[in-house]
Amino acid sequence: MNLLIKSATILDPGSPFHQQIADILIENGVITRIADDIEADAELVDAEGKYVSPGFFDLNCNIGELGLETKEDIKSGTRAAAAGGFTGLAMMPNTANPVHSKAEVEYLINRSKNNLVDVYPLGTISHKREGKDLAEMYDMYLSGAKAFTDGNRPVQDAGLMERALLYAQGFDAMVFSYPEDTAIAGKAKVNEGEISTLLGMKGIPSLAEELMIARDLYLAEYTVSKIHFSTISTARSVELIREAKRKGLEVTCDVAAHHLVLTDEALLGFDSQYKVKPPLRTKDDVKALIKGLKDGTIDAIVSQHTPHEIEFKDVEFEVAAYGMVGFQTALPIALKAGLPVELLVEKLAINPREILGVEVPVIAEGEKANLVLFDVDAEWEYNSKSNLSKSVNSPFIGDTLKGKVLLTYNNQQLSK
């Protein structure tokens, strides 16, 4: 398929056409020409007043395969991801059969071949995500796993995390840390503070996250290793990582899009759609997260897409599952947080790939076309019809959102 995108504003810091308005001609999956007033036999897309950037890349998403396909499978998950502007995904190993050996990695890579969205399975740090013994990390790396994490289970054993950092260092792989001290977090479901008191619920103190970040920063410094923190959520976490970067540690981190606009005040109605992990925090935490994105402390924004069947959410708050679907809402939520569009491209498209060690697409002549076209001013209703995930667990269902993905293109495939 040949495609001609007319009068688009190009946002790509790696491109010679960055911040320029031009036509983009794509032929057989390659950008063959970028210029003014191109004429060609191709499908025409009017992009005046709209932005083209490299396709977004999600560092944290959950798709049900293997074993939880009723929540989401690769076909439905990548369809929703493409609708949200993502052309690349790092899949968490939080599946019924954890991704803890090369067999699971190879299966997922083969299942996702010939897809518009590039899929990168993440392997577990520990066998079966049990936090006891190291998984077959090197074998998984050779099979295509780019990084290792126990997903939404923190590695409680400091010795195991130290060994994982040292082992991954030998083949230049990345270790992702989900920072939560479970001994402190306990069985609480919400952020500890005024709202948890009003709700009469035991809270998770921010200390549970911050203590684990401090521990893993010490381990990374001791082992001279690089480390990435997934979905940080507190002001003190931002400060700890900011200070570590000043010291020269190889540390990166990301934040879930919903943590940039939602606070624990949303829980006053006991709506389980707002039940996420890490929990929604305070207004001060939200301000600190946004500041951290702007000053470079926080490197990436993730969807933390976590689909669930209705019976896991349409229950009492206390027993409801954590998480919300987020592929299609990541862009409008990030825009709602007030972030400049150039910064969003950096946090959604460029930095995530650099962190994972994946080639960053470039919008330039002769390059493979991997891009997204979006309109920051367009409004659309997110409802059961426009939602392309198998699951509908989102507090934004029924809302009119501002900021719309118009098309994604990758691997000679178009989604719009």
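Heads up: numbering here begins at 1 and tracks the sequence.
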Using a 6.0 Å cut-off, check whether atom NZ of Lys404 has over 12 heavy atoms from anything other than its own residue.
no
Can you give me the closest heavy-atom contact between Gln273 and Met324, atom names plus distance?
O-CE, 3.7 Å
Looking at Pro307 and Ser389, what are the two nearest heavy atoms and their distance?
CB-OG, 4.3 Å
Between CZ of Arg111 and CD1 of Ile74, what distance do you get to the nearest 0.5 Å?
5.5 Å
Residue pairs passing the side chain to side chain donor-acceptor pair (under 3.5 Å) test with at least one member in residues 320-330, sequence neighbours excluded, are none
Taking Glu104 for its side chain and Met140 for its backbone only, find out whether a donor-acceptor pair lies under 3.5 Å.
no
With a 3.5 Å distance limit and no angle check, can you tell me whether Ser15 reaches the backbone of Ile363 through a side-chain donor-acceptor pair?
yes
Does atom CD (Glu359) have a neighbourhood of more than 12 heavy atoms from anything else shown, all under 6.0 Å?
no
So do Leu11 and His18 actually touch side chain to side chain, heavy atoms under 4.5 Å?
yes
Note, Ile195 side chain near Glu265 side chain (heavy atom, < 4.5 Å):
yes
Could you give all pairs that pass the salt bridge (Lys or Arg N to Asp or Glu O under 4.0 Å) test and reach residues 188-211, with sequence neighbours left out?
Glu209-Arg281
His305 NE2 to Leu89 CG distance, which is reported to the nearest 0.5 Å:
9.0 Å
For Ala168 versus Met137, what's the shortest heavy-atom pair and its separation?
CB-CE, 4.0 Å
Show me the pairs that pass side chain to side chain donor-acceptor pair (under 3.5 Å) and involve residues 330-349, at least two apart or across chains.
Glu346-Asn351
Beyond-backbone contact of Val345 with Asp12, side-chain heavy atoms, under 4.5 angstrom
no
Let me know which of Glu180, Lys277, Arg129 forms a side-chain hydrogen bond (donor to acceptor under 3.5 Å, both in side chains) with Asn152.
Arg129
Tightest non-hydrogen contact, residues Ile5 and Ala47, listed as CG2-CB, 3.6 Å
Within a strict 4.5 Å, meaning less than it, do heavy atoms of the Ile298 and Ile232 side chains meet?
yes
What do you reckon, is CD of Glu250 surrounded by more than 12 foreign heavy atoms closer than 6.0 Å?
no
Could you list the residues that satisfy salt bridge (Lys or Arg N to Asp or Glu O under 4.0 Å) with Glu221, not counting sequence neighbours?
Lys247
Thr182 meets the side chain to side chain donor-acceptor pair (under 3.5 Å) criterion, sequence neighbours left out, with Gln156
In sequence, state the C-alpha distance, the side-chain angles, and the governing distance for Arg236 and Glu239, and then conclude on salt bridge (Lys or Arg N to Asp or Glu O under 4.0 Å).
CA-CA 5 Å; Arg236 180 62 179 149; Glu239 291 177 15; 3.1 Å; yes
Walk me through whether Asp181 and Arg215 qualify under salt bridge (Lys or Arg N to Asp or Glu O under 4.0 Å).
CA-CA 10 Å; Asp181 189 308; Arg215 186 203 76 173; over 6 Å; no
Is there a donor-acceptor pair closer than 3.5 Å between any side-chain N or O of Asn383 and the backbone N or O of Lys385?
yes
Pair Thr297, Asp295 - check side-chain hydrogen bond (donor to acceptor under 3.5 Å, both in side chains), show working.
CA-CA 6 Å; Thr297 302; Asp295 68 18; 2.7 Å; yes
Non-hydrogen side-chain atoms of Leu108 and Ile63 separated by less than 4.5 Å
no
When rounded to the nearest 0.5 angstrom, what distance separates CG in Asn411 from CG in Asn115?
8.0 Å
Qualifying salt bridge (Lys or Arg N to Asp or Glu O under 4.0 Å) pairs, either residue in residues 132-159, two or more places apart
none
Decide yes or no on salt bridge (Lys or Arg N to Asp or Glu O under 4.0 Å) for Lys245 and Asp299, but give the supporting numbers first.
CA-CA 11 Å; Lys245 287 190 171 187; Asp299 302 275; 2.9 Å; yes
Got a list of side-chain donor-acceptor pairs under 3.5 Å for residues 52-61, not counting sequence neighbours?
from, atom 1, to, atom 2, distance (Å)
Asp58, OD1, Asn60, N, 3.1
Asp58, OD1, Ser303, N, 3.2
Asp58, OD2, Ser303, OG, 2.3

Are any side-chain N or O atoms of Asn110 and backbone N or O atoms of Glu106, one a donor and one an acceptor, separated by less than 3.5 Å?
yes
Only counting residues at least two apart or in another chain, list the ones meeting side chain to side chain donor-acceptor pair (under 3.5 Å) with Ser177.
Asp216
Ignoring hydrogens, what is the shortest heavy-atom contact between Gly144 and Ile109? Give both atom names and the distance.
CA-CD1, 3.9 Å
Side chain proximity check, Ser394 to Asn387, heavy atoms < 4.5 angstrom:
no
Hey, which of Asp23, Asp36, Asp46 is the one that makes salt bridge (Lys or Arg N to Asp or Glu O under 4.0 Å) with Lys6?
Asp23
Pairs satisfying salt bridge (Lys or Arg N to Asp or Glu O under 4.0 Å), at least one member in residues 79-95, at least two apart:
none
Name all pairs fulfilling the ring-ring contact (aromatic ring centres under 6.0 Å, His included) condition that reach into residues 137-163, sequence neighbours left out, sorted by first residue then second.
Tyr138-Phe171, Tyr141-Phe171
Using modelled atom types only, decide if a donor and an acceptor are shared between the side chain of Asp254 and the backbone of Thr231 within a distance under 3.5 Å.
yes
Is the closest side-chain heavy-atom distance between Pro361 and Arg353 below 4.5 Å?
yes
Can you list every pair that meets side chain to side chain donor-acceptor pair (under 3.5 Å) and has a residue in residues 159-173, with sequence neighbours left out?
Asp172-Lys226
Just by distance, no angles: are the side chains of Thr400 and Glu379 close enough, under 3.5 Å, to form a donor-acceptor pair?
no
Give a yes or no on this: more than 12 heavy atoms of other residues, nucleotides or ligands lie within 6.0 Å of atom CD of Glu311.
yes
Tell me, do Asn62 and Leu68 make a side-chain contact under 4.5 Å, heavy atoms counted?
no
Check: Lys275 main-chain N/O paired with Ser272 side-chain donor or acceptor under 3.5 Å
no
With a 6.0 Å cut-off (strictly less than), is the heavy-atom count around CG of Asp399, excluding the residue itself, greater than 12?
yes
With sequence neighbours left out, which residue pairs that include part of residues 215-269 fulfil the ring-ring contact (aromatic ring centres under 6.0 Å, His included) condition?
Phe176-His228
